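Read through the structure below, which is laid out as structure tokens, and then see the notes.
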Amino acid sequence: MSKSLPSRSENYSEWYNELVKRADLAENSAVRGCMVIKPYGFSIWEKMQRALDDMFKETSHTNAYFPLFIPKSYLSKEASHVEGFAKECAVVTHYRLKNDPNGGGVIVDPEAKLEEELIVRPTSETVIWSTYKNWIQSYRDLPLLINQWANVVRWEMRTRLFLRTAEFLWQEGHTAHSSKQEAIEETEQMLEVYANFAENFMAVPVIKGIKTANERFAGAEETYCIEAMMQDGKALQAGTSHFLGQNFAKAFDVKFLNKENQQEFVWGTSWGVSTRLMGALIMAHSDDQGLVLPPKLAPIQVVIVPIFKGEEQLNNIKSKIDPIVKELRSKGVSVKFDTTDNQSPGFKFAEYELKGVPIRLAIGNRDIENGTIELARRDTKSKQSMPFEGIVDSVVNTLDEIQHAIYQKALDFRTENTHQVNTWEEFQIQIEKGGFISAHWDGTSETEEQIKELTKATIRCIPLDAKEEVGTCVYSGKPSGRRVIFARAY
RNA sequence: CGGGGUGUAGCGUAGCCCGGUAUCGCGCUUGGUUUGGGACCAAGAGGUCGUAGGUUCGAAUCCUGCCACCCCGACCA
């Protein structure tokens, strides 16, 4: 194994692939397109889950679990929904194996064909709405605010660890409401939750917006999204929230009796984020030395590396450090005190940098004599000798600083790489340089498709905060009322 | 599904053209010396050469089929 990673500038995607493996986040599995999420990677995902789940609970949602398998007939009930997912569904056709009479292990028992084939869920709208039909009778049953943490399967042609895998983990919220207005508010609220999570926990700035018809979720009336910029200038959709209108209510006949004793179809939403966020996290902050993790999601926030000769020195260091570890933990800081002696300090430094540990403390005999300790920041690679007294406060403050600093760095990067463009010539030049392009668009799918064909750039979103501004479409020259965000995307 | 590439120890590789059962590095084990930015010495363990068949006295090497994975396209969160 070579010591250093491929560099981002030389080969961004190779850098990403190597980093994911070398930092022990995930690896490819025996099944094509599926990944094994390794303990270190899963710890980060667990932290994401925890933070998000708390936010869902704070907004009155409760968790439940719906089955992995969906009867085939369900999927065909909502026309555009089927169309959107049909091409990437895994199908269960049999329920039994048997020994191959000709030897050679097991074969599918042809006798055991399922009467109705089952689809492995690519998303759960259909099972959930077929269940909601039984749960909802009156306006008093609404709103119904449910989330589930689950795995889903989408049989993708080309996969990449975390960014696009055949099976992935996610959460999907599915809510039902008595009014259109309330459902829209829910959709917007959850988008806000996602944006808040991305910015405050992942330290990734996002643009909140609405998808164009082309990019909209199959079965939704409106798809809201948060879009983030990766260090190669490409966009990554980090979360989506859909206003489903009454589409699924109609498809699954979910009605409620309103206060006026009239039957009405309910209004729905669904919203999700997936293990793809791991990809966003990695690509937003990390450098050629390895991961850079925001303190709020780092499995290990502080690593302490002792520098010692022999057991006596180590014990001496331990007696100083053990109380520090205790105190940090009491303040909710996760600390690893790495006292193993089979690796040199230098090796450990490199290793914890690769894994993105935000703060490293190093302490040796010299420090003990001077009453100091060395504090190194992963994000800036800076290190300084600090007084041993008060180190706990310094660590806590520095963690906070790092959280803000990496957000600011990502925000500055995005600002530098976002350009207003007014002509088609400019557009073609700028898109090759990467980044986001803010430009006028005439609102038609034809134009959007043309631009995609010519430049591989898609409309990432119509920003929610887009100013009303008279302009002309960058491609067609037709009138436009606001700018939209174009980019090449993951 | 098209185009390209690769399968040799846990990982990365040499050998293949020109057949004689396998090279080197990392990692691992044991012992010793080390430790302020990826330590060193010594001794070890570890391989159905992707798979099935063929040619041959003999196949990692030549031939054929199959499988898997990676990269590039069409599809997608």
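Every chain is numbered from 1, with letters handed out A, B, ... down the list of sequences. What you are looking at is a predicted structure, and each value in this text was computed from that prediction instead of being measured.
Nucleotide B/A77 holds its P atom 19 Å from the CE atom of A/Met48, rounded to whole Å. The CD atom of A/Glu312 sits 16 Å away from the C1' atom of B/U35 (whole-angstrom rounding). Regarding A/Met386, its CE atom lies at a distance of 22 Å from the P atom of B/G36, rounded to whole Å. Atom CD of A/Glu88 and atom P of B/A77 are 7 Å apart (whole Å). Here B/G38 presents its P atom at 12 Å from CZ of A/Phe347, a figure rounded to the nearest Å. Atom pair A/Asn316:CG and B/G36:C1' shows a separation of 16 Å (rounding to whole Å applied). Computed from coordinates, the A/Ile373 CD1 to B/G36 P distance equals 17 Å when rounded to whole Å.
With a cut-off of 3.5 Å on both pairing distances, the Watson-Crick or G-U wobble partner of B/C1 is B/G73. Under the Watson-Crick and G-U wobble criteria, each requiring two contacts below 3.5 Å, nucleotide B/U51 is paired to B/G65. B/G38 is unpaired under the Watson-Crick or G-U wobble criterion, no partner having all donor-acceptor distances under 3.5 Å.
For RNA chain B, the neighbouring residues in residues 354-362 of chain A, judged by any heavy atom under 4.0 Å, are A/Arg360, A/Ala362.
Annotation: B/A74 and B/C1 have their C1' atoms spaced 9 Å apart (nearest Å). Using C1' as the reference atom, B/C16 and B/U29 are 33 Å apart when rounded to the nearest Å. Rounded to whole Å, the separation between the C1' atoms of B/G46 and B/C40 comes to 23 Å. For the C1' atoms, the distance from B/A14 to B/G47 is 15 Å, rounded to whole Å. The gap from the P atom of B/A45 to that of B/G50 amounts to 24 Å, rounded to the nearest Å. Taking the P atoms as reference points, B/U55 lies 34 Å from B/U13, given to the whole Å. The separation of B/C57 from B/U64, taken at their C1' atoms, amounts to 23 Å, rounded to a whole angstrom. With both ends at atom P, the span from B/A22 to B/A59 equals 13 Å, rounded to whole Å.
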Report the C-alpha distance between A/Phe308 and A/Ile368 in whole Å, list the side-chain angles of each, state the deciding distance to 0.1 Å, and finish with yes or no for side chain to side chain contact (heavy atoms under 4.5 Å, CB included). CA-CA 11 Å; A/Phe308 60 97; A/Ile368 301 242; over 6 Å; no
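Between A/Asn11 and B/C71 there is no side-chain polar atom (N or O) within less than 4.0 angstrom of OP1 or OP2. Close to B/U35, at under 4.0 Å from its OP1 or OP2, lies a side-chain N or O of A/Lys309. Side-chain nitrogen and oxygen atoms of A/Ser344 include at least one within less than 4.0 Å of the OP1 or OP2 phosphate oxygen of B/A39.
Between the side chains of A/Ser124 and A/Glu172, at least one donor N or O lies within less than 3.5 Å of an accepting N or O.
Out of B/C71, B/G36, B/A77, the shortest distance to the side chain of A/Arg154 is found at B/A77. The side chain of A/Ala350 lies closest to B/G38, out of B/C71, B/A77, B/G38. The nucleotide whose nearest atom lies closest to any side-chain atom of A/Met157 is, among B/A77, B/U35, B/A74, B/A74. Comparing B/G37, B/G36, B/A77 against the side chain of A/Glu156 picks out B/A77 as the nearest.
At a cut-off of 3.5 angstrom, the base of B/G37 holds no donor-acceptor pair with the side chain of A/Glu374.
No engagement by A/Glu14 is indicated, since no non-hydrogen atom pair under 4.0 Å with the nucleic acid exists. Base engagement by A/Lys383 is indicated by at least one non-hydrogen atom pair under 4.0 Å involving a base atom. Base engagement by A/Phe168 is indicated by at least one non-hydrogen atom pair under 4.0 Å involving a base atom.
The aromatic rings of A/Phe197 and A/Phe201 sit parallel, their planes meeting at an angle under 30°, below the 60° perpendicular limit. Ring geometry, A/Trp149 versus A/Trp45: the interplanar angle exceeds 60°, so the pair is classed perpendicular (tilted spans 30 to 60°). A parallel orientation is assigned to the rings of A/Phe248 and A/Phe252, their planes being inclined by less than 30° (bins at 30° and 60°).
A salt bridge links A/Lys208 with A/Glu192: the closest approach of a Lys/Arg side-chain nitrogen to an acidic carboxylate oxygen falls below 4.0 angstrom. Salt-bridge annotation for A/Glu353 and A/Arg360: present, with a side-chain N of the basic residue lying under 4.0 Å from a carboxylate O of the acidic one. Under 4.0 Å is where a charged nitrogen must lie from a carboxylate oxygen, and between A/Lys21 and A/Glu27 no such pair does.
Taking the six-membered ring for Trp and the full ring otherwise, A/Trp271 and A/His61 have centroids separated by under 6.0 Å. Ring centroids of A/Phe217 and A/His81 are separated by less than 6.0 Å, placing the two rings close together. Two rings, from A/Phe427 and A/Phe486, have their centers less than 6.0 Å apart.
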When you compare the protein's N or O atoms with those of nucleotides 66-69 of chain B, which come within less than 3.5 Å of each other, and at what distance?
residue: B/C69; atom: OP1; partner: A/Arg32; partner atom: N; Å: 3.4

